[in-house]
Structures are given as structure tokens and as C-alpha cells.
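Everything quoted here is computed from the prediction, not taken from an experiment. Labels below follow one simple rule: chain letters A, B, ... track the order of the sequence lines, proteins then strands, and each chain is numbered from 1.
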Amino acid sequence: MSSSLLHPPAQLSPVVALQLSQQAPSLLQNAPSSISPYSLGSLWSAAESPELWTVYENLMLSCLRTGDEESAHICLERLTARFGADNEKLMALGGIFQEAVAQDDAALKRILEEYETILNKDPTNTPISKRRVALFKTLKRTTEAITALIKFLDASPTDAEAWAELGDLYVSQAMYKQGIFAFEEVLLITPNAWNIHAKLGEICYMAATANEPGSDNYLAESLRRFCRSIELCDDYLRGYYGLKITSNKLLGSHPRQSKTDGGLAPPTQETVQRLSEIATSKLSEIVRRNAAGDSGYLGYDLGEIIAAKELLNKE
Amino acid sequence: MAQIPIQTIHRDPQLFYWILIPITIVMILTGVLRHYATVLMATPPKKQELAAIREQRSLLRGINLRMNGNTVSHASFNARRDYLVTAYEEGAFLKEPEKKGQAAPNPMTDPAAMDGMMGMMKGNMMMMIPQTLIMGWINTFFSGFVVIRLPFPLTIKFKSMLQAGVATRDMDPQWMSSISWYVLCIFGLQSVFNYLLGSDNSASQTAQQMGQMGPGAGANMFGPGQDPDKQFQAEAENLAVQAHHYVLDGVEDRLLKSLKV
């Protein structure tokens with residue numbers, strides 16, 4: 001997967017982070033160390049551009065990932081010099097830096113208190129509110145993280161990222177019903193996000209295997225969520241994987257004609273059988289063509305391909 | 001019809017250097033100056049308080065539910081709808097619940113709206129003052145003679161408009177005085193300004209006019225003069241009548257059909 005400092009992938013895997021942070025020394029040397037829009041020097045030196053600052057921010061995050069604290073510090077300094085320390089986003093970046101270099105829990109608690117003072121002065125500071133929740137998560141104080149997130153979402157219910165984080169926190173505590181509620185809120189904001197449909201399918205599947213009350217409904221709903229994610233993105237490996245697992249489970253068990261999920265009839269055995277076959281064939285096609293290096297099939301994440309191969313081999 | 005002879009007037013070639021070029025340069029420079037002055041005088045948008053943000057976003061939440069409610073199941077949709085409709089009708093999200101039922105704040109007296117209006121007035125001033133000054137300057141120094149000739153024919157009525165200082169009966173309306181060169185430049189220099197200052201510049205006149213007409217014509221949702229309580233009630237009604245078609249209903253059959261093809 002190609003990546004650059006302008007558009008880093010959403011999940012910064014260790015390999016990518018290393019690659020990006022290795023560009024740090026050359027970048028930091030080439031870019032001018034201080035940029036003032038009014039100085040005479042700006043007439044002939046490189047003009048600043050919005051991309052420059054995005055690059056600095058992403059570089060800082062990659063360097064913190066790989067432990068290169070000096071370069072990260074330099075990036076942070078340059079950003080602060082340009083935008084001033086009052087900038088909300090910059091306060092959050094500074095917070096990330098401090099959390100990354102903190103040595104122990106006591107230091108983290110001090111950072112937490114700093115966040116709370118900032119929020120007392122200005123409760124609308126969104127980036128700092130989110131950093132506070134992330135810090136609770138780091139300190140493993142999950143209930144406080146959930147409470148803080150709920151308070152944040154009361155003021156700002158259209159923030160999809162916050163709802164998704166809340167859903168993850170609930171699922172980590174095995175509160176599946178609330179997790180499903182949170183991810184449904186994400187869908188209300190971004191209705192065509194196939195990854196969220198797949199995530200909901202996974203949560204429903206987890207709820208079904210954990211034998212929550214009404215597991216048959218969960219299984220059927222999980223199947224349908226994966227179908228929808230494939231409908232929205234027809235070479236979505238995660239969708240086919242989930243489809244295969246849920247359809248196998250549905251074929252294995254024998255769903256009773258009980259009260260159904262949200263009033264929908266359970267899918268017929270024949271449909272489930274056909275879906276299972278399609279999922280198997282598509283998964284093997286993806287794995288095969290990815291291994292052969294066909295164009296259009298190279299963008300898949302290696303971990304997902306390996307998981308798909310194992311699933312296919314299990315049969 | 002006999003061919004009307006084209007009137008030619010022998011012009012001093014120095015006309016070009018002493019009139020056309022100075023007027024053009026002055027207009028370009030004032031445009032650039034106006035752009036930077038606008039940028040420097042622009043006030044940053046005022047920070048909104050938590051209660052105001054909460055009010056706006058809760059309304060957006062209702063709109064999202066109405067538009068994207070088909071992605072969740074009937075039970076989920078009904079639960080959310082009942083909660084939101086009750087909350088809207090009670091005014092649970094209003095930032096000033098005591099003022100429920102009173103009229104909307106008058107834009108003149110509401111301090112939040114004054115800033116918006118001041119911004120607009122500043123923009124208008126920046127447009128009008130340079131235009132007035134330049135027109136006065138041209139009329140003082142460059143009147144009484146014709147400068148250019150348009151390549152296409154015009155009717156006689158245009159003479160009064162475009163040959164301002166020259167009162168002759170027989171001269172073709174195609175000959176124009178310098179004030180008409182000024183008018184032509186206003187429209188023509190916009191692409192020059194786009195090149196010099198980037199496309200989002202404040203020296204471009206038609207963008208401003210369109211900006212004033214466009215969003216002004218549409219209703220301003222969260223701006224001054226809108227009663228949030230009425231907006232909530234309207235949204236509650238819209239939600240109450242919303243029909244719901246669960247997208248997952250029959251998705252497996254749709255998928256099979258599409259994959260078969």
C-alpha cells in the first residue's frame with residue numbers, strides 16, 4: 001500500500017510508520033526552519049503551503065510511533081511557531097507529544113489535570129476533550145472514558161468519530177447492545193460507510209456467539225449487515241469473510257421461526273447456502289489473484305489475506 | 001441599404017500611453033490593495049458557546065435521522081424518533097429555555113447578529129469607496145475626449161451613457177470616452193485578479209454580488225433572525241410523518257441477484 005506524508009493510511013502500521021519517520025532528517029533540513037509570511041525572505045525562498053503543515057503533523061505522529069522524539073519535538077516547535085500556542089489543534093498535538101514521552105502513570109495523571117484545567121476555561125475545546133478521553137483509555141479507566149464521551153456527545157451529537165470510539169469502548173466491555181446503538185448513530189451520519197456496516201455485522205456476530213438474549217436475531221442481522229457492506233463495495237474482503245462465517249454458522253444451527261430481528265423474516269436456508277457459496281468463491285478468487293499479482297487485487301492488507309486463506313483452508 | 005461609412009478619427013498615438021495604460025494600472029493596483037485590506041480587516045468568526053453548539057447540532061441530528069433513518073432497524077428508528085420528537089417539543093436542547101415561545105431576536109438588537117452585519121458592511125464599503133474615488137479621478141482628468149472604438153455597432157441611445165463628456169450629434173456610438181474604458185476594465189480585470197491573487201480574492205466584484213444574492217436568497221438556517229424553537233417544532237413534525245424502509249430488508253436477495261448478473 002503506497003503512502004505518503006500527505007495522505008498517511010488511517011491505521012498507521014509499524015512498517016509504514018517506520019518508512020515515514022525515516023524521511024524526517026532530510027525533510028527537517030530542507031524545509032525552512034521559520035516561516036514568516038511578511039518577511040523579505042519569503043520573496044525568494046519557498047512559500048509556505050497548507051501541505052507543508054500537514055506534512056509536519058503527519059511526520060510528528062510517525063516519529064512518535066517509532067520513538068524518534070527529537071524530530072517530533074522539532075516538528076512541534078515549528079508548528080507552534082507558526083500557529084501560536086492558543087490554537088486548539090496544536091494544544092492537542094502538544095498533548096499527544098507529552099503523552100508519548102511520559103515515563104509513568106504519574107506523569108500521565110499530571111497531563112490529565114492539565115487537560116481538565118484547559119477544559120474548565122473553555123468547554124468547547126473539541127480536540128482537548130477528545131485527548132482527555134484517549135488518555136482515560138490509556139490509563140485503562142474505561143468507565144470514566146465512556147462517561148466523558150457521553151458528555152461530549154451530548155453537546156456534539158453529529159461527531160461520527162466520537163460515536164465510533166464510544167461503540168468500541170462499549171464492545172470492549174462486552175456491552176453489545178449499547179455498542180450497536182453507538183455504531184447505528186455513526187450510520188445515521190454516514191449512511192454509505194460499508195466498513196461501519198461490516199463492523200456492525202461483526203458486533204452482532206459477537207453478540208450471537210456470546211449467547212446474548214435473542215441470538216438468532218443477531219445472527220440473521222449480522223448476515224444482512226455483511227450483505228449490505230458488499231452491496232456498497234463489491235470487492236470488500238472483510239465483507240465476504242464475515243458473510244462466509246455467518247452463513248456457515250446459520251447453516252450449522254437451525255434457526256427457529258421465532259420473533260425476528262426488527263420484524264424481518266429470517267433468511268431461508270437456500271439463500272444462506274447460496275450466499276455461503278458465493279462468499280467462498282469470491283474469497284478464494286481474491287486470495288488467488290492477490291497471490292498471482294493481478295492488477296486491481298494488490299491493494300489488500302496482508303493480514304486480511306492471511307486470515308482469508310486460513311478460513312478457506314479450514315473447510 | 002447603403003453601407004454606412006465608418007467614421008475614423010485620427011488619434012494621437014500617445015493616447016495609448018497616457019490614458020489607457022495609466023487607468024488600467026491604477027485599477028489593478030487598487031484591486032490588489034483592496035484585497036489585502038479586506039484580508040487584514042477581516043475579523044475571525046466568533047467562537048460559539050457550548051449551549052449554542054449543542055442547539056445547532058441537535059437539530060442536525062434530527063435531520064440526519066430523517067434522511068438516513070433507513071439504515072437502522074424499525075425498532076431503533078422508532079426509539080430514536082420518539083426520543084427526539086419529545087425532546088424537540090419540550091425544547092430540551094434550547095440554549096435559552098426561558099425564551100421559548102417568544103419572538104425571534106431582532107437582528108438589529110441581537111449582538112451576535114451585529115457582527116455578521118458589520119462584516120457585510122465593511123465589505124461593501126471596501127468596494128464602493130475605491131470605485132467612487134476612481135470614477136471621480138477619471139471624470140476630472142480624463143473627460144472631454146474619446147479614447148477607444150468598439151468593434152461592433154451600437155444604437156444611438158448608448159451615446160449618452162458612454163460618451164459622457166463629448167456632446168456631438170453625429171459621432172458614432174462606437175467611440176467611447178475613458179469612463180467607459182473604466183467600466184470595461186472592471187469586468188475584464190477579474191481574470192487578472194484571479195491570476196494574481198488566487199481564485200478566492202476580494203477584488204472580484206461579481207463573486208461578491210453572487211455571494212450576496214445566493215445564500216441570501218436561500219434561508220439562513222442558523223443565522224440571526226431564526227427562532228430555534230420553531231425550527232425544532234418543524235423538525236419534530238417532519239420526523240413524525242417520516243416513513244421508514246429498512247435497507248436491510250431483502251438485502252440478501254438483492255445481493256444474490258446482483259452478483260448473479
Asks: Could you look at A:Glu88 and say if it's the side chain, the backbone, both or neither that has a heavy atom under 4.5 Å from chain B?
Replies: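 Only the side chain of A:Glu88 comes within 4.5 Å of chain B.
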Asks: Distance-only, no hydrogens or angles: does the B:Ser76 side chain make a donor-acceptor pair with backbone N or O of B:Val72 under 3.5 Å?
Replies: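 Answer holds: no.
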Asks: Would you mind checking which part of A:Phe181 comes under 4.5 Å of any heavy atom in chain B, side chain (CB onward), backbone (N, CA, C, O), both or neither?
Replies: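 Looking at A:Phe181, backbone and side chain both touch chain B.
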Asks: What part of A:Ile278 lies closer than 4.5 angstrom to a heavy atom of chain B: side chain, backbone, both or neither?
Replies: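 For A:Ile278, the side chain is the part near chain B, not the backbone.
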Asks: Of all of A:Ile189, A:Leu243, A:Asp122, A:Asp154, which one pairs up most often with chain B through heavy atoms under 4.5 Å apart?
Replies: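 Highest number of pairs under 4.5 Å: A:Asp154.
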Asks: Indicate the ring-plane relationship of B:Phe77 and B:His244, choosing parallel, tilted or perpendicular according to the 30° and 60° boundaries.
Replies: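 Parallel, since the angle between the ring planes stays under 30°.
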Asks: Regarding A:Glu185 and B:Arg61, does a basic nitrogen lie under 4.0 Å from an acidic carboxylate oxygen?
Replies: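 Counted as a salt bridge, because a side-chain N and a carboxylate O are separated by less than 4.0 Å.
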Asks: How long is the span from the CD1 atom in A:Ile203 to the CD1 atom in A:Ile196, to the nearest 0.5 Å?
Replies: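 Nearest 0.5 Å value for the CD1-CD1 distance: 9.0 Å.
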Asks: Side chain, backbone, both or neither: which part of A:Asp159 has a non-hydrogen atom closer than 4.5 Å to chain B?
Replies: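 It is neither, since no heavy atom gets under 4.5 Å.
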Asks: Salt bridge between A:Glu202 and A:Arg238, side-chain N to carboxylate O under 4.0 Å?
Replies: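 Looking at A:Glu202 and A:Arg238, the cut-off is met.
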